[in-house]
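Atoms within a ligand are numbered from 1 in the order they appear, just like the ligands themselves. Here, residue 1 is the first one in the sequence, and each next residue gets the next number.
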Amino acid sequence: MTFYSRVIGTGGYLPEEVRTNEQISQTVDTSDSWIYERTGIKSRRIAGPNETASSMAEIAARQAIEAGACDPEEIDLIIVATGTPDRIYPSTGCLLQQRLRIKNCVAFDIQAACSGSIFALSIADQYIKSGIAKKVLVIGSEICSRVVDWTDRGTCILFGDGAGAVLLSASDEMGILSTHIHSDGEYESLLYCPNPQAATEANKQEAGYINMRGNEVFKVAVNTLGRIVDETLAANNMDKSEVDWLVPHQANTRIIEATAKKLKMSMDQVVMTLENQGNTSSASVLLAFNEAVRDKRIQRGHVVLLEAFGAGFTWGSALIKY
Ligand code: UT7
């Protein structure tokens, strides 16, 4: 029997504090108009002092579990994608398992920067298709604000905090049609975040903040995302016109517009959350997906293309018949 991984519930959480472009332009040399024109961002959410990746993940997860009308004990596997874990260990997945009080399941984290939730979806899909797991919770949760250098105008304007979740169930109805994940470790120097505790003599001066050569990342992202669209459609023998929704990683409006153009899609078919959320790294795709499911833009039967690009570089897509 072939199983599909079907989305049975979604969830999302954004912290309360809103930080506007105007507020940022009071501390670094930038402006609302520069940020909005170059990125599409107007504001982002900032986690409170007592929030963590696992506390935000819990709220998003509980929503997905409720939407899926699932008894938490039925969950076999929890995969959390995060680059900002509460602790080095236990994994944020285990901390979430503790918060959800689920005894009999496996939980772990995966780290693929902004592509994390696509990588997690891909892993979840393999577990379900192979019959090993029946219900899998996939979360992307990030406190980017704690790894952003708020004096660096090249990065502090971009990132925000939040968590997105999907609950997948084995089903004989169609669900995830295919996932495609890739990495190329040659690009470390364009986008990285040091871990000061594990520093060598040579790099012990580096603070634990995001370092990015934005313009170079931008160019690779546009080309790579164009290729992943082709790869995904070809693998499913599908034409561009059959895709109802694009749910992209929310890094920059101009990157997203280039992908939509490649798909010959109008921006009305693209789920955009960037303007008021910024780039929430691994949370962004699942936050956007949750928003469009909950406001009923994405309906059962629609074909949805999720894609992301991030540090590593890592990149990937998931084609879903919702
Ligand atoms: O999610 C993971 C992957 N990350 C991404 O996909 C991010 C990709 N990169 C980007 O989104 C864009 O490259 C940025 C928004 C980060 C920057 O936009 P850009 O159009 O690539 O600008 P740039 O880096 O080429 O800089 C152009 C100018 C420079 O000044 P000069 O050298 O021309 O005088 C920068 O110093 O803009 C300057 N600049 C700023 N000016 C005002 C850079 N950041 C700012 C700023 N405000 N915040």
> Is there a nitrogen or oxygen of Arg254 sitting under 3.5 Å from a nitrogen or oxygen of ligand 1?
Replying inline: yes
> Got a protein heavy atom sitting under 4.0 Å from atom 25 (O) of ligand 1?
Replying inline: yes
>> Side chains of Arg227 and Asn223 only: does a donor on one sit below 3.5 Å from an acceptor on the other?
In response: no
> Can you tell me the protein heavy atom closest to atom 3 (C) of ligand 1 and the distance?
Replying inline: Val217 CG1, 3.8 Å
>> Checking a contact table here: which protein heavy atom is nearest atom 11 (O) of ligand 1, and how many Å away?
In response: Asn252 ND2, 2.7 Å
> Would you say Met212 contacts ligand 1, with heavy atoms under 4.0 Å as the rule?
Replying inline: yes
> Applying a strict 4.0 Å limit to heavy atoms, is Ile35 in contact with ligand 1?
Replying inline: no
> So, Glu242 and Lys240, do they make that salt bridge, N to O below 4.0 Å?
Replying inline: no
> Got the closest protein heavy atom to atom 1 (O) of ligand 1, with its distance?
Replying inline: Asn279 ND2, 2.7 Å
> Between Lys262 and Asp230, does at least one N-O distance fall below 4.0 Å, as a salt bridge requires?
Replying inline: yes
>> Count I, L, V, M, F, W, Y as connected when their side-chain heavy atoms are under 4.5 Å apart, and connections chain through other members. Are Leu167 and Met174 then in the same cluster?
In response: no
> Hey, are the side chains of Val304 and Leu319 touching, using non-hydrogen atoms and a 4.5 Å cut-off?
Replying inline: no
> With a cut-off of 4.0 Å, which atoms of ligand 1 are near a heavy atom of Ile255?
Replying inline: 6 (O)
> Do Thr224 and Phe313 have side chains that get closer than 4.5 Å, going by heavy atoms?
Replying inline: no
> So which of His302, Gln269, Gln299 actually passes side-chain hydrogen bond (donor to acceptor under 3.5 Å, both in side chains) with Trp245?
Replying inline: His302
> For atom 37 (O) of ligand 1, what is the nearest protein heavy atom, given as residue, atom name and distance?
Replying inline: Trp34 CZ2, 3.3 Å
> Any idea which atoms of ligand 1 are less than 4.0 Å away from a heavy-atom of Gly214?
Replying inline: 8 (C), 9 (N), 13 (O)
> Between the side chains of Thr52 and Ser54, does any donor sit under 3.5 Å from an acceptor?
Replying inline: yes
>> Give me the nearest non-hydrogen protein atom to atom 2 (C) of ligand 1 as residue plus atom name, then the distance to 0.1 Å.
In response: Cys114 SG, 3.3 Å
> Looking at Trp34, does the NZ or CZ of Arg153 lie under 6.0 angstrom from its six-membered ring centre and within 45 degrees of the ring axis?
Replying inline: no
> Think Lys42 forms a cation-pi with Tyr36, using NZ or CZ under 6.0 Å from the six-ring centre and within 45 degrees of its axis?
Replying inline: yes
>> Using a 4.0 Å cutoff against the non-hydrogen atoms of Thr39, which atoms of ligand 1 qualify?
In response: 15 (C)
> For atom 22 (O) of ligand 1, which protein heavy atom lies nearest, and how many Å away is it?
Replying inline: Arg38 NH1, 3.4 Å
> Which atoms from ligand 1 have a heavy atom of Ile157 less than 4.0 Å away?
Replying inline: 48 (N)
>> Looking at atom 29 (C) of ligand 1, tell me if a protein heavy atom falls under 4.0 Å from it.
In response: no
> Near Arg87 CZ, under 6.0 Å, is it more than 12 heavy atoms from other residues, nucleotides or ligands?
Replying inline: no
> So between Val220, Asn215, Thr280, whose heavy atom ends up nearest atom 23 (P) of ligand 1?
Replying inline: Asn215
>> Among all the protein's non-hydrogen atoms, which is closest to atom 36 (O) of ligand 1, and how far away is it?
In response: Arg153 NH2, 2.9 Å
> Would a search of protein heavy atoms around atom 14 (C) of ligand 1 find one under 4.0 Å away?
Replying inline: no
> Touching ligand 1 at all, His249? Heavy atoms, strictly under 4.0 Å?
Replying inline: yes
>> To check your reading of the model: name the closest protein heavy atom to atom 47 (N) of ligand 1, its residue, and the distance in Å.
In response: Thr30 OG1, 2.7 Å
> Mind checking what makes side chain to side chain donor-acceptor pair (under 3.5 Å) contact with Glu37, not counting sequence neighbours?
Replying inline: none
>> I need the contact type for Val28 against ligand 1. Using non-hydrogen atoms and a strict under-4.0 Å cut-off, is it side chain, backbone, both or neither?
In response: neither
>> Taking side chain to side chain donor-acceptor pair (under 3.5 Å) as the definition, give me every residue that meets it alongside Asp109, ordered by chain and number, with sequence neighbours left out.
In response: Thr92
